[in-house]
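Here the structure comes first, spelled out in structure tokens, and everything after it is commentary.
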Amino acid sequence: MLRALFVAEKNDVAKGISGLLANGHFNRREGRSKFNKIYELQTQVLGRNAVVSITSVSGHMMELAFHADMANWQTVRIASLFDAPVQQKVADGMKDIARTLTEEAKKNDVLVIWTDCDREGENIGAEIVKVCKESNPRLDVFRAKFSEITASAVHRAVRNLVRLDNNIVDAVDCRSELDLRIGAAFTRLQTLHLRSKFRDIFESQNQKVISYGSCQFPTLGFVVDRYKMIENFKPENFWRLLVEHVRNGIKVDFLWDRNRLFDRDVVNVLYDNCQEKLEAIVEKVVKKPKSRWRPYAMDTVALEKLGSSKLKMSAKEVMSVAEKLYSKGWISYPRTETNKFPKGMELAPLVEMQAESNEWGNFAKEVVERGVNPRNGNKSDEAHPPIHPLKFADRQTLNGNEWRVYELVVRHFLACVSRDASGEETVVNLRINSERFHANGLCVKDLGYMHVYVYEKWGDKQIPTYVENEILKEFNLRIVDGTTQPPDLLTEADLIALMDKFGIGTDATHAEHIEKIKERDYIGVKGDGKLLPSFIGLALVDGYDDMGFAMSKPDLRANLERGLKDICDRNRNKRDVLTEQIGKYRTIFDETESKVFFLSKSLEKYLDKRSSGNLPDVGNGGHGGGPPRGPDGGGGRGAPRGGGADRGRGRGGRKTTASRRGRKNDMAASGANMSNYNGEDEAETRRPRERKNTRTLAEDAEEVMCACNPPLQAVQKTVQKEGPNKGKRFWTCSLPFNSSEKCSFFQWV
DNA sequence: GCAAGGTC
């Protein structure tokens with residue numbers, strides 16, 4: 001009989017595949033590690049009957065390190081960390097696992113790697129091979145490829161064994177070597193330089209290490225960039241037309257289809273146009289179904305974001321509680337990138353299990369009656385299903401944060417498999433002369449998933465009945481003013497979304513990187529959960545920026561990722577990418593070393609600012625300080641600061657196209673690095689992009705004109721109305737435009 | 001005393 005050793009990435013998977021391959025009949029015995037058992041069974045391997053031992057590691061078993069002679073920070077030339085030899089060795093806590101492998105390998109002819117089918121999994125597989133081959137060089141090594149732990153997937157995998165992909169292994173080796181060399185070199189340089197210049201500060205802060213990491217810095221960079229965006233925000237005034245109408249005792253605000261304009265004169269002219277004909281025609285009344293979609297099945301990023309925004313826990317806390325719930329069997333594996341349930345998965349029993357709850361039991365019963373209907377996303381890590389409850393619990397069984405996280409997982413799961421919320425929206429379109437307005441009403445018909453998903457709200461918005469073509473005479477038309485507001489500071493949920501989007505870290509490490517830069521005092525958390533950079537964080541980012549190195553931007557990591565992908569795709573080899581990347585960082589390092597005073601100068605600048613009270617104090621417990629404000633003193637945030645009463649017709653100074661354009665260019669230059677990841681890209685930001693505020697009308701027009709078919713024509717008109725502008729000529733559009741083509745084209749001749 | 005990646 002063939003003797004085969006199967007090794008999985010974690011005990012959970014070893015146990016899972018054992019059960020599936022043995023139909024539940026397997027022996028279990030202890031290994032050297034308490035957490036990693038050995039399961040034994042008989043099955044077919046490589047077309048032969050085989051006795052199989054199935055065991056596991058716990059993630060990476062080995063770590064990369066410099067030799068001991070590099071340990072002295074004072075005597076070792078830092079730059080030599082770029083070419084000093086490194087060695088891979090079994091990590092301290094993993095010795096017993098390695099020993100199990102050594103012992104088991106001797107007894108077997110074949111080794112099959114069952115680690116997760118992702119990049120790190122392939123590399124962990126190579127570590128397992130190294131340890132096993134050391135004790136049994138004759139081992140024939142195979143790789144099982146599986147997309148989920150189900151009977152069909154596991155049986156298919158065992159019938160179709162392949163070999164390890166050494167390119168993927170190389171890519172991960174390349175990544176870890178670069179992370180170590182770069183991290184160690186820049187950490188020593190920063191730490192030694194800043195500590196020598198500011199001994200008092202770092203001693204008083206008990207701040208021993210000022211670390212650099214390829215994930216730490218971009219994470220810090222996001223926080224700093226948002227902070228600076230707020231600090232440098234130049235509020236701009238805008239104006240809009242508003243029509244108020246009262247019917248059946250309900251006041252309806254008809255909003256302007258143009259939304260808002262940044263030129264008071266234009267608004268005045270358009271206001272005048274409306275005043276010429278003080279009647280409003282109801283052009284269209286449309287009722288249409290509107291729904292709110294239930295959430296996607298929950299992956300790790302969703303859990304972290306929800307835990308942070310709805311439960312007000314840090315991502316790190318959420319994950320550690322979720323891991324506890326997982327290890328006690330309450331919920332499924334919490335580190336998953338999968339947001340869709342596998343096709344064959346039996347969800348109904350999981351829903352039924354919740355029927356005994358006195359909080360959501362009735363909802364669960366209803367779901368079972370109507371049919372389980374999960375809303376699936378399109379991401380899959382091909383190893384773990386979305387996060388879902390495994391056992392029923394109530395407030396007696398769990399408490400504190402464990403209960404809160406469990407409740408979130410259950411409510412999210414039930415919401416996901418139930419039904420969308422549905423309602424009916426009414427849109428009333430109004431026209432006064434050439435200007436168009438609209439008002440919306442909403443009638444919620446069925447709250448659907450929101451019955452159980454208490455984290456979201458959706459409510460009726462009453463609107464009285466309007467009839468198409470009716471004419472309104474009694475209404476109030478006015479000009480409302482407002483000021484653009486800076487965006488908010490990042491929340492932890494925002495930060496995780498950015499990291500996810502730009503590929504900084506993995507779903508399993510986002511929370512750790514954030515925690516690390518908190519621990520290093522690069523950022524702090526305000527009372528309301530918003531993240532603020534500390535003076536050290538600001539100084540580090542600025543210091544490198546001043547030298548001209550984008551160390552805190554996500555691009556560097558993205559560039560490395562491209563190299564790694566090339567290795568996986570066999571377009572380049574490991575040596576090639578390693579040489580290139582080391583060379584690149586070595587150049588930056590040499591220059592940083594010669595200009596390292598930029599760092600201390602930058603820190604000095606922020607120390608001055610802090611002592612003059614111009615900088616919020618964060619870190620080291622002191623999370624004081626309000627949010628930064630724009631120079632003109634941004635008042636309340638959120639909704640635009642709106643003027644209540646009708647405004648006088650005071651003429652704002654006219655801004656020429658040239659001056660607007662100049663300002664825009666300044667903005668583009670200083671904010672170039674932000675353009676990719678701020679503003680409207682994030683669903684929760686309601687504010688306009690910076691660009692919008694500074695666009696010239698001509699630019700708006702250009703865009704609109706090109707987009708319209710037939711293209712709009714610019715025509716000249718003359719201001720007819722009494723006033724300072726009477727007789728002045730302006731350019732406007734020749735054709736009416738509908739609401740989807742928001743033309744703001746207006747320009748003085 | 002340095003990183004990031006696994007996982008318990």
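Not measured: the values here are computed from a predicted model. Order of the sequence lines fixes the chain letters, A, B, ..., with proteins taken first and strands second; residue numbering starts at 1 for each chain.
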(message) Run the salt bridge (Lys or Arg N to Asp or Glu O under 4.0 Å) test against A/K328 and tell me which residues pass, sequence neighbours left out.
(response) A/E402

(request) With sequence neighbours left out, write down each residue that passes salt bridge (Lys or Arg N to Asp or Glu O under 4.0 Å) with A/K391, or none if nothing qualifies. (result) none

(request) Heavy atoms under 4.0 Å is the rule here; annotate nucleotides 2-7 of chain B 5' to 3' with B where the base is hit, S where only the sugar-phosphate is, and - elsewhere. (result) BBBBBB

(request) Sort and list the pairs that fulfil ring-ring contact (aromatic ring centres under 6.0 Å, His included) and have at least one residue in residues 556-599 of chain A, not counting sequence neighbours. (result) A/F82-A/F589, A/F186-A/F589

Got a list of side-chain donor-acceptor pairs under 3.5 Å for residues 316-323 of chain A, not counting sequence neighbours?
residue : atom : partner : partner atom : Å
A/E317  : OE1  : A/S314  : N            : 3.2
A/S320  : OG   : A/E317  : O            : 3.3
A/E323  : OE2  : A/R335  : NH1          : 2.5

(message) If the condition is salt bridge (Lys or Arg N to Asp or Glu O under 4.0 Å), which residues does A/D96 pass it with, not counting sequence neighbours?
(response) none

